[in-house]
Structures are given as C-alpha cells and as structure tokens.
S.K.: 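Sharing a structure, written as structure tokens. Questions coming.
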Amino acid sequence: MRKTDFKRELRELYAPTYRDWRPVDVPALRFLMVDGAGDPNRAPRYREAVEVLFGLSYRLKFLSKAELGRDHVVMPLEGLWWADDPGVFVRREKDAFRWTMLMMQPDWVSEAMLAEARSALRAKADLPALGDVRLEEYDEGRAVQLLHVGPYDDEGPVLARLHEEYLPAHGLTFNGHHHEIYLGDPRRSAPERLRTILRQPVRPVRGET
C-alpha cells in the first residue's frame with residue numbers, strides 16, 4: 001500500500017528552507033479545525049484542542065487504510081492566530097490571542113469518516129473539544145512565508161520585520177490570519193532547535209499592482 005506524504009508532495013508549503021520572507025501561492029486544502037482563545041501555554045482549551053486534533057487525525061488515518069486502502073502520513077499541527085490589535089503578536093501579549101488550531105487532511109476523508117472517528121474516540125476517552133471539531137476547506141491564496149528556527153517567543157522581531165519592512169516595501173498588506181506550522185515537537189526538541197513555518201496571507205495595497 002502506497003503511503004502519501006503531503007509534506008513531500010507540497011514541499012513548497014511544508015518544507016521551506018529559506019529564512020527570509022518569500023511569496024507562495026497556497027491552494028485550497030481541507031483541515032480539521034478547533035477554535036479557541038488565550039495564552040496557549042496556560043489556556044486549557046488549547047491543550048484540549050491539540051489533543052483532539054491528533055486523536056482524530058490518527059483515527060482517520062487508520063480508517064482510511066481499513067476502509068479505502070489508502071495510507072498517508074499524519075500532517076503537523078498548524079495554527080491560525082489573530083487579535084483585535086495585530087501588535088500583540090510582536091509584543092507577545094498572549095492572553096489577547098485568538099486562534100484556530102488545525103491539521104490538514106487528505107481530500108478523500110469524508111464527513112462520514114469524521115463522524116465514525118469521533119464516535120470511536122468518544123467511547124475511549126473524555127475529550128472536551130471533541131464535539132467542536134469541524135472539517136473545513138481553507139483557501140489561503142497568495143501569502144509570504146519563511147522558516148523560523150528557535151523558540152516561539154523569538155518570533156516577535158521576525159514578525160516586526162514583516163509588518164514594518166517587508167510588507168510596506170512590496171506594496172502589500174494583510175489578507176487573513178497569521179499562520180504557523182509546527183514542524184518541531186516542543187516536548188522533544190530544545191527551544192533553539194524548534195522549526196516553525198511562519199506564513200501571512202497578503203494582497204496588494206489598494207492602488208498598488
């Protein structure tokens with residue numbers, strides 16, 4: 001049975017090596033999603049969201065193999081982040097964060113498979129966020145991204161450079177939520193070795209081309 005690895009098939013999106021902002025076109029992809037708010041280091045909702053996303057993603061992988069004869073590598077955790085004041089991300093004022101945590105799914109995963117996976121998990125564990133997970137397409141479009149290596153709290157200067165230098169210099173502005181893709185596991189990696197893709201959907205400033 002062939003195992004599909006979307007990180008390889010979508011290498012430009014999930015395996016960048018560059019450390020400065022570059023443009024990228026992101027196609028519409030399907031994700032499991034859970035919404036929440038607050039400091040991810042302290043908010044119980046964040047831990048609950050991550051737990052249920054991984055649990056469902058692995059259950060859907062097993063269902064895909066058993067029912068469809070199709071195998072795939074479980075994709076990394078991702079997050080969409082926003083706030084009323086985007087400056088909170090530069091200042092790292094985490095209590096003001098709002099977020100959607102998500103994990104990409106193959107296009108052959110159906111709502112019926114999600115319902116089956118949800119029922120199987122509900123019978124085995126108490127997962128408070130289980131009923132809040134949705135399967136949804138996310139069409140990000142034109143964006144800029146880079147690979148950040150180091151602690152999450154060191155992202156501030158990188159984002160300040162995006163906001164204050166890169167976007168104005170290229171006649172661009174925000175066109176969606178700040179997006180992070182977590183390639184490293186903070187439970188197993190030293191903070192200085194964590195790898196995170198930082199992505200920002202963009203559009204031309206009105207009057208620019």
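Heavy-atom basis, side chains included; hydrogens, waters and symmetry copies ignored.
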S.K.: Is the backbone of Leu60 close enough, under 3.5 Å, to the side chain of Ser64 for a donor and an acceptor to pair up by distance?
M.R.: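 No, Ser64 side chain to Leu60 backbone: no donor-acceptor pair under 3.5 Å.
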S.K.: Given the rule in the side chain to side chain donor-acceptor pair (under 3.5 Å) test, do Tyr182 and Glu180 qualify, once you have shown the distances and angles that lead to the verdict?
M.R.: CA-CA 6 Å; Tyr182 306 104; Glu180 299 190 352; 2.7 Å; yes
S.K.: Can you tell me how far the NZ atom of Lys65 sits from the CG atom of Leu63, to the nearest 0.5 Å?
M.R.: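 Reported value, rounded in 0.5 Å steps: 11.5 Å.
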S.K.: Do other residues, nucleotides or ligands put more than 12 heavy atoms under 6.0 Å from Arg203 CZ?
M.R.: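 Yes, the 6.0 Å shell around CZ holds more than 12 heavy atoms from other groups.
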S.K.: Mind listing the closest non-hydrogen atom pair of Leu114 and Leu32 along with its distance?
M.R.: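 Smallest interatomic distance, heavy atoms only, reads CD1-CD2, 3.9 Å.
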S.K.: Quick check for you: to the nearest 0.5 Å, what is the distance between Asp107 atom CG and Glu137 atom CD?
M.R.: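 Separation between the atoms: 10.0 Å.
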S.K.: Is the backbone of Gly176 close enough, under 3.5 Å, to the side chain of Gln200 for a donor and an acceptor to pair up by distance?
M.R.: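 Flag set: sc Gln200 to bb Gly176 pair under 3.5 Å.
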S.K.: So Glu136 and Leu102, do their side chains get closer than 4.5 Å, heavy atoms only?
M.R.: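 Sidechains of Glu136 and Leu102: no contact.
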S.K.: According to the interplanar angle, ranging from 0 to 90°, do the rings of Phe89 and His178 count as parallel (below 30°), tilted (30 to 60°) or perpendicular (above 60°)?
M.R.: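 Rings of Phe89 and His178: tilted, as their planes differ by 30° to 60°.
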S.K.: Please find the pair of heavy atoms, one from Ala83 and one from Ala96, that lie closest to each other, and give the distance.
M.R.: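 Closest approach of Ala83 to Ala96, heavy atoms only: CB-O, 3.6 Å.
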S.K.: Are any non-hydrogen side-chain atoms of Leu146 and His148 less than 4.5 angstrom apart?
M.R.: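 The answer is yes, as the side chains (C-beta and beyond) meet within the 4.5 Å cut-off.
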S.K.: Is the shortest heavy-atom distance from the side chain of Leu198 to the side chain of Thr196 under 4.5 Å?
M.R.: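 Sidechains of Thr196 and Leu198: in contact.
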S.K.: Let's go through Leu56 and Leu127 carefully: what are the C-alpha distance in whole Å and the side-chain angles of both, what is the deciding distance for side-chain contact (heavy atoms from CB on, under 4.5 Å) to 0.1 Å, and is it a yes or a no?
M.R.: CA-CA 11 Å; Leu56 282 172; Leu127 299 170; over 6 Å; no
S.K.: Is there a side-chain contact between Arg19 and Val149 (heavy atoms, below 4.5 Å)?
M.R.: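 SC-SC contact between Arg19 and Val149 confirmed.
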S.K.: Check whether Leu68 and Phe62 end up in the same hydrophobic cluster, where Ile, Leu, Val, Met, Phe, Trp and Tyr are linked by side-chain heavy atoms less than 4.5 Å apart.
M.R.: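 They do share one cluster, since a chain of ILVMFWY contacts under 4.5 Å joins Leu68 to Phe62.
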S.K.: Is the closest side-chain heavy-atom distance between Leu135 and Met113 below 4.5 Å?
M.R.: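 The answer is no, as the side chains (C-beta and beyond) never meet within the 4.5 Å cut-off.
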S.K.: What orientation do Tyr58 and Phe54 show, parallel under 30°, tilted 30 to 60°, or perpendicular over 60°?
M.R.: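 Rings of Tyr58 and Phe54: parallel, as their planes differ by under 30°.
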S.K.: I'd like to know if the side chain of Arg70 and the backbone of Pro106 have a donor-acceptor N/O pair within less than 3.5 Å.
M.R.: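 A pair under 3.5 Å: no.
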S.K.: Please tell me if the side chains of Asp85 and Arg91 come closer than 4.5 Å, counting only heavy atoms from C-beta onward.
M.R.: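 They are in contact (side-chain heavy atoms under 4.5 Å apart), so the answer is yes.
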S.K.: Which atom names give the shortest non-hydrogen contact between Ala43 and Gly38, and what distance separates them?
M.R.: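 Heavy atoms of Ala43 and Gly38 come nearest at CB-C, 4.4 Å.
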S.K.: So, do Phe6 and Leu29 sit near enough that their side-chain heavy atoms are less than 4.5 Å apart?
M.R.: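 Of all side-chain heavy-atom pairs linking Leu29 with Phe6, none is under 4.5 Å.
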S.K.: If I compare all heavy atoms of Gln145 with all of Tyr18, which pair ends up nearest, and what's the gap?
M.R.: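 Distance-wise, the nearest heavy atoms are NE2-OH, 3.1 Å.
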S.K.: Could you state the interatomic distance from NE2 (His72) to OG1 (Thr4), rounded to the nearest 0.5 Å?
M.R.: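 The distance works out to 8.5 Å.
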S.K.: In Å, rounded to the nearest 0.5 Å, how long is the span from CZ of Arg195 to CZ of Arg193?
M.R.: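 Those atoms lie 9.5 Å apart.
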S.K.: Is atom CG of Asp25 surrounded by more than 12 heavy atoms (other residues, nucleotides or ligands) closer than 6.0 Å?
M.R.: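 Atom CG in Asp25 is packed in, count exceeds 12.
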S.K.: Taking atom CZ of Arg134 as the centre, does the number of heavy atoms from other residues, nucleotides or ligands within less than 6.0 Å exceed 12?
M.R.: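 For Arg134, atom CZ is crowded (more than 12 foreign heavy atoms under 6.0 Å).
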S.K.: Sort and list the pairs that fulfil salt bridge (charged side-chain N to carboxylate O under 4.0 Å, His left out) and have at least one residue in residues 43-63, not counting sequence neighbours.
M.R.: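 Listed by first then second residue: Arg45-Asp132, Lys61-Asp71.
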S.K.: With Phe174, which residues qualify under ring-ring contact (aromatic ring centres under 6.0 Å, His included), at least two apart?
M.R.: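 Testing Phe174 for ring-ring contact (aromatic ring centres under 6.0 Å, His included), a comparison that skips the adjacent residues, returns His163.
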S.K.: Assign the ring pair Tyr166 / Trp21 to parallel, tilted or perpendicular, where the plane angle (0 to 90°) is split at 30° and 60°.
M.R.: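 Rings of Tyr166 and Trp21: tilted, as their planes differ by 30° to 60°.
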S.K.: Nearest 0.5 angstrom please: Met101 CE to Leu53 CG, how far?
M.R.: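 Rounded to the nearest 0.5 Å, the CE-CG separation comes out at 7.5 Å.
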S.K.: Stepwise, does the side-chain contact (heavy atoms from CB on, under 4.5 Å) test hold for Lys124 with Leu121?
M.R.: CA-CA 5 Å; Lys124 288 189 172 184; Leu121 283 185; 5.5 Å; no
S.K.: Side-chain contact, heavy-atom cut-off 4.5 Å: Arg98 with Val88?
M.R.: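 Heavy-atom side-chain distance check fails, nothing below 4.5 Å.
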S.K.: Excluding sequence neighbours, so at least two apart, what forms side-chain hydrogen bond (donor to acceptor under 3.5 Å, both in side chains) with Tyr14?
M.R.: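 Result, side-chain hydrogen bond (donor to acceptor under 3.5 Å, both in side chains) vs Tyr14: Glu78.
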S.K.: So, taking the atom named CD in Glu164 and the one named CG in Leu159, what distance separates them when rounded to the nearest 0.5 Å?
M.R.: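 Glu164 atom CD to Leu159 atom CG measures 10.5 Å (nearest 0.5 Å).
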S.K.: Start with the C-alpha distance between Thr173 and Leu167, add both sets of side-chain angles, then the distance that settles side-chain contact (heavy atoms from CB on, under 4.5 Å), and finish with yes or no.
M.R.: CA-CA 6 Å; Thr173 189; Leu167 295 183; 5.9 Å; no
S.K.: Where is the tightest heavy-atom contact between Pro128 and Asp126, given as atom of each residue plus distance?
M.R.: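 That closest heavy-atom pairing would be CD-O, 3.5 Å.
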S.K.: Show the nearest heavy-atom pair for residues Pro16 and Ile197, with the distance to one decimal.
M.R.: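 Taking Pro16 first and Ile197 second, the nearest heavy atoms are CD-CD1, 3.4 Å.
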S.K.: Just do the side-chain contact (heavy atoms from CB on, under 4.5 Å) check on Met103 and Val74 with the steps written out, would you?
M.R.: CA-CA 8 Å; Met103 293 179 72; Val74 172; 3.7 Å; yes
S.K.: Taking the ring centre of each residue, are Trp99 and Tyr46 less than 6.0 Å apart?
M.R.: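 Trp99 vs Tyr46: aromatic centres under 6.0 Å.
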